[in-house]
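Beneath this line is the structure, given in structure tokens, with notes to follow.
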Amino acid sequence: MKTTRSILDAVLRLLGFGIATALLLGGTYSFTKDKISTQQELAAQRLYSQLIDTNSYTNNLNETAIDTPAFLATVTHSDAPVLLATNHDELAAVLIPTDALDGYSGRIKLLIAIDKHGNLLAVRVLAHRETPGLGDAIEVSKSDWILGFNNLPYSLEDRAGWDVAKYGGDFDQFTGATVTPRAVVRQVERTLNAIAEESTWLKELQTHE
Ligand SMILES: Cc1cc2nc3c(=O)[nH]c(=O)nc-3n(C[C@H](O)[C@H](O)[C@H](O)COP(=O)(O)O)c2cc1C
């Protein structure tokens, strides 16, 4: 009888401990989850502010995400949404995630900002696996090379400069590393080109509700 009682005691204590642990873990999770999403939100805001002048739009960019249209998705290879920056409901800029697949070590994830006419505002690298000290100069924290994309006009008639200098283009390659910058330049151009070819898309976005 005494043995049954002490087994029951032990089981109840174990159960209580299990419940307390589950509650503690659950509480910690919901507390840190909120903190993590706030941190992610702040990091996203910091990134957006590097790409678009924060005074040029009035909306919350994360609330105007749209699916990448099919014509563009075949070029961008990214499932991340396109974000619209609007100024009192007027289109100010568009953020387009686009991935170069031909980096030295594979995929280079980019985010490009264009104005409502399809001209480039800026480009940033979101993720890559290029070699430190060689290809990683595409990161704004490593060099100012990526700033060379700032405010570049784009037109279908004038595509010749969109390559690195070694291949006759306007963009510098890096010492000992041509593959990485070339992959970025050409992917930015492919993306701008697809948008310019589908000229109705930006016009339709300007009337986007
Ligand atoms: C270990 C190693 C890592 C390299 N990493 C890169 C890189 O990240 N990006 C890059 O453009 N080139 C890298 N290179 C150099 C390329 O192989 C290539 O020589 C260089 O980009 C010049 O290309 P090009 O011959 O088309 O001008 C690397 C080479 C070696 C041996």
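Reckoned from all heavy atoms, side chains included, excluding hydrogens, waters and symmetry mates. We count ligands from 1, going down the list as the structure has it; atoms in each ligand are counted the same way. Numbering starts at 1 and runs along the sequence shown.
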Relative to atom 22 (C) of ligand 1, which among T178, D136, T175 owns the nearest non-hydrogen atom?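 The option holding the nearest heavy atom is T178.
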
Judged on heavy-atom distance to atom 5 (N) of ligand 1, which of V164, I138, V184, T131 sits nearest? T131

Backbone or side chain, does any N or O of V179 fall under 3.5 Å from an N or O of ligand 1? yes

Shortest protein contact, [atom] (heavy atom only):
atom	answer
atom 19 (O) of ligand 1	G176 O, 4.5 Å
atom 26 (O) of ligand 1	Y167 OH, 3.2 Å
atom 9 (N) of ligand 1	T180 OG1, 2.6 Å
atom 16 (C) of ligand 1	Y104 CE1, 3.6 Å
atom 27 (O) of ligand 1	K166 NZ, 2.2 Å

Take the angle between the ring planes of W162 and F171 and call it parallel below 30°, perpendicular above 60°, tilted in between.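 Answer is tilted, since the angle falls between 30° and 60°.
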
Can you establish whether the number of heavy atoms outside Q45 located under 6.0 Å from its atom CD is more than 12? yes

Does atom CG (D67) have a neighbourhood of more than 12 heavy atoms from anything else shown, all under 6.0 Å?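 Counting neighbours around CG of D67, 12 or fewer heavy atoms of other residues, nucleotides or ligands fall under 6.0 Å, so no.
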
Closest contact, heavy atoms only, L95 versus A113: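 Looking at all heavy atoms of both residues, the shortest contact is CD2-CB, 3.6 Å.
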
Could you verify whether a donor N or O on one side chain and an acceptor N or O on the other, from Q187 and H77, lie under 3.5 Å apart? no

